[in-house]
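Single-structure report; data block below.
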Amino acid sequence: MTALPIRHRAAALALAAVTLLPASVAADAPVAADSGALTAQTTPDREAVRLLTRPPFPPTDLSLLSTGAYPDGPLMEPAPPREISVRELTEQLTVTLRPRGRHALEEGLAVFRSPQITAVVPDAGLRAALASLTGSPGQGSIRAIRQGIFSRVVFGITPRPEAIAMVLSGPPTDPRPFIVFNQRYRYEDFRLLGDVFSHETLHRADANNDNEEAINEALNIAYYGQLLLQLPRLATSRTELARRLNTRLMALLNTRDARGRQRLTHSTGNVLPGAAITLPSLAALQLGITPVGRTATDPTRTPGNANLDFYLGAITRTRQTRADFGTATVQFLDRRQAWASPGERLRLARLLELRLPHRPREPYGSAQPSVQRAQRVDGASGSMDSLYAPMQWRPLLRPERRTDHVPYIGTYQQPEHVAVKSLQRH
């Protein structure tokens with residue numbers, strides 16, 4: 001596909017001082033010098049950090065990535081139609097949640113079987129997607145559904161055909177927003193749909209901005225990385241949705257500075273090497289690119305909600321209250337992310353078949369993954385899951401109850417006026 005022209009903004013990108021952060025962010029922002037404030041890991045593996053200081057890793061297998069970024073890759077196809085029973089969904093959900101602990105397993109199965117949630121999410125696959133978020137950074141989505149913030153969540157025709165899912169305003173008879181998942185993805189793995197679910201429930205109705213999309217994507221792609229550490233086979237299914245998510249994860253993994261630290265708006269080069277366009281960071285997909293090739297900024301902001309507080313706190317390992325969708329939160333995520341260790345980020349890069357620099361005395365091509373073999377948690381034979389240690393799920397704080405929700409609207413893709421965002425549509 002031919003890339004469309006890229007929107008440029010004149011405003012230069014600058015990191016805000018801690019004093020400019022909202023109280024919810026400043027309270028937890030690191031107070032050390034930048035060398036400490038910009039790293040979320042306490043005891044990083046030296047070899048992993050050394051590799052992460054190198055330029056962005058290029059892909060070697062385009063069949064894992066979106067043709068929107070890499071048009072020379074094979075044609076993308078969504079998961080083919082198949083019958084899957086409630087029993088099968090329950091079994092797969094059990095396998096997914098068991099590593100997160102007994103409470104997560106019991107709560108997730110209760111969500112899947114709940115008559116209250118079934119009334120809002122009647123499709124069993126989408127309900128399993130929601131339940132799969134239990135015990136994860138995205139579990140605030142469950143509370144959003146239980147509180148009736150959304151009138152319904154269904155498969156259907158999205159107003160924008162390229163969208164994976166959209167939050168739409170309701171009719172006068174029920175003005176609450178509702179979520180429509182593109183029916184093209186009806187048969188995709190429910191755990192991939194769960195990742196998208198966690199993005200959509202961060203929105204409300206009537207207002208949205210580029211910061212909101214950038215923040216939501218940073219959070220849900222970080223969770224996607226965590227999910228792949230638990231279930232690596234999801235990345236190699238090569239379905240259309242998996243390839244779209246893989247491409248964003250690749251962009252996030254390559255959005256790092258010269259010291260190998262995970263960033264959101266800064267990198268040392270094109271985070272999609274060899275792609276149809278040059279992209280300076282994951283956030284640039286939503287924020288755009290300045291004339292000098294940096295990630296642009298959006299001066300507007302929209303109100304946050306309890307779900308954002310919880311998700312942001314889980315990904316950064318901080319306690320958040322009243323965070324909003326503004327530049328300060330984007331900059332906070334640029335300075336502090338704790339969703340994976342350096343070693344885990346390298347495991348994900350290998351899973352996506354990115355080309356890593358040669359190791360000392362041993363070429364990467366002959367190297368074996370430097371992780372312990374673990375039993376597969378998805379029960380699939382012949383998958384890559386045995387090559388990667390399962391994700392160690394950490395206990396998560398429950399979100400504080402909030403009553404000051406302000407409505408706004410969003411879609412799991414970007415506004416039409418930023419052509420660089422065409423990458424998200426494939």
Side-chain angles (χ1 to χ4, degrees), residues 6-18 20-22 25-26 29-30 34-35 37-40 52-53 55-57 69 199 202 208-225 247-273 275 277-302 304 308 311-312 315-316 318 323-340 345 414-415 418-421 423-424:
I6 299 174
R7 177 190 64 173
H8 293 280
R9 287 180 178 171
L13 180 65
L15 288 174
V18 173
L20 297 179
L21 296 174
V25 175
D34 281 353
S35 60
L38 286 168
T39 183
L52 290 169
T53 62
F57 306 141
H199 176 119
L202 286 165
N208 190 15
N209 66 5
D210 293 339
N211 285 326
E212 186 169 325
E213 292 294 345
I215 292 165
N216 289 3
E217 180 149 274
L219 297 176
N220 86 266
I221 295 304
Y223 167 58
Y224 178 62
T247 305
R248 294 165 182 145
L249 178 59
M250 174 185 171
L252 177 60
L253 292 172
N254 279 336
T255 302
R256 58 183 187 270
D257 61 23
R259 299 181 63 179
R261 296 170 295 196
Q262 182 68 72
R263 305 294 292 270
L264 179 59
T265 62
H266 291 77
S267 72
T268 59
N270 182 10
V271 300
L272 295 178
I277 65 168
T278 299
L279 194 71
S281 70
L282 173 67
L285 283 171
Q286 296 79 25
L287 296 176
I289 304 173
T290 69
V292 295
R294 297 179 181 176
T295 305
T297 57
D298 179 1
T300 67
R301 65 180 182 178
T302 53
L308 172 62
Y311 217 150
L312 181 63
I315 294 301
T316 62
T318 59
D324 64 19
F325 295 104
T327 299
T329 303
V330 172
Q331 292 170 344
F332 180 59
L333 279 168
D334 184 53
R335 293 176 62 86
R336 183 184 180 100
Q337 291 190 49
W339 61 273
R345 287 156 57 200
Q414 283 66 51
V418 184
V420 66
K421 299 168 186 180
L423 292 181
Q424 296 281 26

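What you see below is based on every heavy atom in this structure, not just the backbone, and it leaves out hydrogens, waters and symmetry mates. Since the model is a prediction, treat every value here as computed from it, not as a measurement.
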Check: Ser267 and Asn254 side chains under 4.5 Å, non-hydrogen atoms: no
Euclidean distance, Ile215 CD1 relative to Asn220 CG, rounded to 0.5 Å: 12.5 Å
Leu279 and Leu285, any side-chain heavy atoms less than 4.5 Å apart: yes
Phe57 side chain reached by Arg256 side chain, heavy atoms, under 4.5 Å: yes
Point-to-point distance, once rounded to the nearest 0.5 Å, from CG of Leu264 to CZ of Arg336: 15.0 Å
For Asn211, side chain to side chain donor-acceptor pair (under 3.5 Å) partners two or more places apart: none
Trp339 vs Arg345, side-chain contact (heavy atoms from CB on, under 4.5 Å): CA-CA, chis, key distance, verdict: CA-CA 9 Å; Trp339 61 273; Arg345 287 156 57 200; 4.3 Å; yes
Under 3.5 Å: donor-acceptor pair, side chain of Thr255, backbone of Thr265: no
Derivation and outcome, side-chain contact (heavy atoms from CB on, under 4.5 Å), residues His199 and Glu213: CA-CA 9 Å; His199 176 119; Glu213 292 294 345; 3.3 Å; yes
Pairwise distance CD(Gln337) to CG(Leu219) - rounded to 0.5 angstrom: 8.0 Å
Heavy-atom side-chain proximity of Thr302 to Asp324 below 4.5 angstrom: no
With Ser281 via side chain to side chain donor-acceptor pair (under 3.5 Å) - residues at least two apart: Thr295
Set of side-chain contact (heavy atoms from CB on, under 4.5 Å) partners for Thr53, sequence neighbours left out: Val49
Note, Leu312 side chain near Leu333 side chain (heavy atom, < 4.5 Å): yes
Distance (rounded to the nearest 0.5 Å) between Arg248 CZ and Leu253 CG: 14.5 Å
Shortest non-hydrogen contact between Ile315 and Ala222, atoms and distance: CD1-CB, 3.8 Å
Approximate separation, where rounding is to 0.5 Å, of Gln331 CD and Arg335 CZ: 9.0 Å
Audit row: Leu252, Gln262, side-chain contact (heavy atoms from CB on, under 4.5 Å) steps and yes/no: CA-CA 8 Å; Leu252 177 60; Gln262 182 68 72; 3.4 Å; yes
Atom of Ala69, atom of Thr247 and distance for their closest heavy-atom approach: CB-CG2, 3.9 Å
Exercise: identify the closest heavy-atom pair between Pro280 and Gly293: CB-O, 3.3 Å
Side-chain heavy-atom pair Leu287, Val330 within 4.5 angstrom cut-off: yes
From Ile277 atom CD1 to Ile289 atom CD1, the distance as rounded to the nearest 0.5 Å: 5.5 Å
Smallest separation among heavy atoms of Asn209 and Arg301, with atom names: ND2-CA, 3.2 Å
Within-4.5 Å side-chain heavy-atom neighbours: Arg263 and Asp257: yes
Min side-chain heavy-atom separation Phe325-Leu308 under 4.5 Å: yes
